[in-house]
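Here's the structure, in C-alpha cells; my notes come after.
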Protein chains: 2
Amino acid sequence: MPAISTRQQQILDFLREYHADRSYMPSIREIQLACGISSTSVVDYNLRLLERDGHIRRSPDISRAIELVGDSEADLVEVARVPILGAIAAGEPIPVPEAGAYAGDDDRESLSLPPELTPRDTDNLYALRVKGYSMIDACVTDGDIVVLRHARDARNGEMVAAWLSMQEEATLKHFYLEGENVRLMPANPSMEPIVVPADSVQVHGKVVAVMRRVAA
Amino acid sequence: MPAISTRQQQILDFLREYHADRSYMPSIREIQLACGISSTSVVDYNLRLLERDGHIRRSPDISRAIELVGDSEADLVEVARVPILGAIAAGEPIPVPEAGAYAGDDDRESLSLPPELTPRDTDNLYALRVKGYSMIDACVTDGDIVVLRHARDARNGEMVAAWLSMQEEATLKHFYLEGENVRLMPANPSMEPIVVPADSVQVHGKVVAVMRRVAA
DNA sequence: TACCCTGCAGAACGTCCGTTCTGATTTCCT
DNA sequence: AGGAAATCAGAACGGACGTTCTGCAGGGTA
C-alpha cells in the first residue's frame with residue numbers, strides 16, 4: 001500500500017468527517033469545495049487513486065457511492081446497552097430498577113458492555129456506580145461500575161448485591177443459603193464470611209461484571 | 001407514532017437490506033423498481049410519510065440522502081480493539097508487547113473496550129489476563145483483565161504494572177518516585193506501601209482499565 | 001534536451017435523480 | 001350513496017452529479 005499523498009489524506013479526512021454527521025457520503029463537488037480543489041476532475045483523479053490503494057470503494061455512475069474500507073467502521077461492534085440507575089454505597093439503599101427501565105430508555109446515562117463481558121442473556125441488566133471503599137473485600141472499589149442482573153434470589157455461589165436489613169447496609173458477596181441462614185463470602189479468600197438469618201437478606205441482583213476506569 | 005402501512009414497511013425493509021450490502025442508500029428509482037411501484041412520486045409520497053413519522057431522515061435535493069433513525073444500528077458502538085498479549089502473575093515475567101503488536105493484528109485474542117473505559121489516546125494499548133490472587137491489594141483478582149498502555153516510566157500517582165527485580169515479582173501498584181527510591185502504594189488504603197530502590201523497578205505499562213466477568 | 005509520469009485546471013456532456021403538477025383510483029366514514 | 005381523505009399513476013422539469021476530454025506545469029531520468 002503506497003504512501004498516501006497530502007491531497008488524498010485531506011480528502012480521506014473530509015470523507016470521514018462528513019460521514020460522521022450525515023450518514024451518507026459527499027458528492028464530488030462537495031469534496032471539491034471542502035478541500036479547496038479547483039476542478040471535479042482532480043477529485044475524481046484522487047478518488048481513483050484512493051480506490052486503487054484500497055482506502056475506499058466506489059460504484060460507477062452512482063451518486064455519493066463512496067464506501068470507506070478497512071476504516072474505523074471495522075471496529076463497530078454490537079454491544080449491549082445497560083442503563084446506569086444510580087450508585088451503591090455501604091449505608092445507602094440500593095436503587096431499584098423500575099419495570100421497563102432496562103433497555104431503550106435513552107434518558108438516563110448508560111454504559112456499553114463489550115461482547116467479552118456480555119452474558120448470554122442480556123435481559124434485566126442494569127449498572128450501579130460504587131461509592132466508597134466498603135466493598136473492597138469483593139475486589140470492588142470506589143468509582144467502579146458493577147453490572148447486575150435483577151433478581152430477588154440467587155443460587156449458591158453466585159455473587160449478589162444484597163441489602164442487610166439488620167446492619168442497614170448494602171454489600172456485594174457470594175451467596176450461600178444454609179438452612180435458615182445465609183452465608184455471605186467475600187471474594188477475597190483471606191477475609192471472613194458473615195452469616196445472617198435468611199429473612200434479613202434482600203437480594204437485589206446478581207453481579208454480572210465489574211468495570212473500572214483507572215485515572216491516568 | 002401512527003401504525004406503518006404495508007407499502008411503507010416494504011420500503012423500510014428494502015432500505016435496510018440495501019444499506020446492509022452497499023453502505024449507501026438507494027435512489028428513489030431504485031426503490032421504485034425493487035418494490036414494484038409504478039411511479040417515483042409514490043415513492044416520494046411514502047418517504048415523506050416515513051420521515052413525518054420519524055422512521056427516516058431526508059436531506060432535500062441530495063441524492064440518496066436517506067438516513068435510518070432509531071434503527072438496530074443504534075447499538076452499534078465504536079470501540080477500541082485491544083490485543084490480549086498474555087497473562088500477568090506474581091512470579092512470572094510480564095509479557096512484553098513487540099513493536100506493532102497493538103492494533104490491527106487479528107491473529108491474537110483481543111478485547112473491545114467500551115467508550116466509557118476508553119482513554120483519549122488509544123495508542124499502545126494492550127491487555128493482560130490476571131492469574132492468581134497476588135494483586136488483590138490493587139483490587140484486582142484472578143481472572144480479571146487489565147488494560148495497559150505501554151510505558152517505561154510513570155508520573156507520580158499513576159497505577160503501573162511493574163517488575164520488581166529484587167523480589168522477582170510482577171505487581172500492580174500506584175507509583176511514586178521519591179529521590180532514589182520508588183514507593184509503591186496498594187490501591188487498598190488499609191494496606192502498607194513498599195519502598196524499593198528505583199533501579200530495581202521496571203515499569204512495563206500504566207493501568208488504564210480493569211474488567212471483570214463474574215461467573216454466573 | 002527530449003521524454004514520460006504525476007498532479008492539476010477548466011469545460012462540456014449525458015445521465016441520474018429529487019421534485020412537482022395533474023389527474024385517476026381506492027379507502028373510509030357518515 | 002356521497003364526499004372527503006388517502007394512495008397511486010404518469011409525465012415532465014431542472015438541477016445534481018459522475019465522467020471524460022484537452023491542455024498545462026513541475027520533476028525526475030536517459
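Worth saying up front: this structure is predicted, and the values here are computed from it rather than measured. Computed from heavy atoms alone, side chains included, the values below leave out hydrogens, waters and symmetry copies. A note on names: the letters A, B, ... follow the listed sequences, proteins ahead of strands, and every chain is numbered from 1.
For A:Ser41, counting side-chain heavy atoms from C-beta on, the closest listed nucleotide (D:dC8, D:dC21, D:dG18) is D:dC21. Counting only heavy atoms from C-beta on, A:Val42 has its side chain closest to C:dC8 among C:dC8, C:dG18, D:dA9.
If you measure from atom CD1 of A:Ile31 to atom C1' of D:dT19, you get 14 Å, rounded to the nearest angstrom. In this structure, OH of A:Tyr24 is placed 15 Å from C1' of D:dC17, rounded to the nearest angstrom. Put simply, CG on A:Asp61 is 10 Å from P on D:dG18, counting in whole angstrom units. When the P atom of D:dC8 is taken as reference, atom CG of B:Leu47 falls 12 Å away, rounded to whole Å. D:dT7 atom P lies 14 Å from atom CD of B:Gln10, rounded to whole Å. Across the protein-nucleic acid pair, A:Leu33 atom CG and D:dG18 atom P stand 14 Å apart, rounded to whole Å. B:Arg29 has its CZ atom 12 Å from the C1' atom of D:dG10, to the nearest Å. Between A:Ile62 atom CD1 and C:dC17 atom P there is a gap of 7 Å when expressed in whole angstrom units.
Close to C:dC17, at under 4.0 Å from its OP1 or OP2, lies a side-chain N or O of B:Ser27. Dashed line: the shortest gap from a side-chain N or O of B:Tyr45 to OP1 or OP2 of D:dC8 is not under 4.0 Å. For the OP1/OP2 pair of C:dG7 and a distance below 4.0 Å, the side-chain nitrogens and oxygens of A:Arg48 include no atom meeting the criterion. The phosphate of C:dC8 has OP1 or OP2 within less than 4.0 Å of a side-chain N or O from A:Arg7. Residue A:Asn46 has no polar side-chain atom (N or O) positioned under 4.0 Å from OP1 or OP2 of C:dT6. Residue A:Arg58 places at least one side-chain N or O under 4.0 Å from the OP1 or OP2 atom of D:dT19.
Both A:Ser38 and B:Pro26 lie close to DNA chain C; mapped to their nearest nucleotides by heavy-atom distance, the more 5′-ward contact belongs to A:Ser38.
Remark: A:Arg22 is positioned above the aromatic ring of A:Tyr18, its terminal NZ or CZ atom under 6.0 angstrom from the ring centre and at most 45 degrees off the axis. Geometrically, B:Arg183 engages B:Tyr176 in a cation-pi contact, judged by NZ or CZ lying under 6.0 Å from the ring centre and within 45° of the ring axis.
Residue A:Leu49 is classed as a sugar-phosphate contact, given heavy-atom separations below 4.0 Å to backbone atoms only. Using a 4.0 Å heavy-atom distance criterion, A:Asp44 is classed as a base contact. Nucleic acid contact class of A:Ser39 (heavy atoms, under 4.0 Å, all strands): base.
Side-chain contact annotation: B:Ser39 with B:Gln32, donor-acceptor N/O pair under 3.5 Å absent.
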Run the numbers on A:Arg213 and A:Asp144 for salt bridge (Lys or Arg N to Asp or Glu O under 4.0 Å), then give the verdict.
CA-CA 7 Å; A:Arg213 176 100 150 76; A:Asp144 285 9; over 6 Å; no

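Here the straight-line distance linking atom CD1 of A:Ile66 with atom CZ of A:Arg57 works out to 12.0 Å at 0.5 Å rounding.
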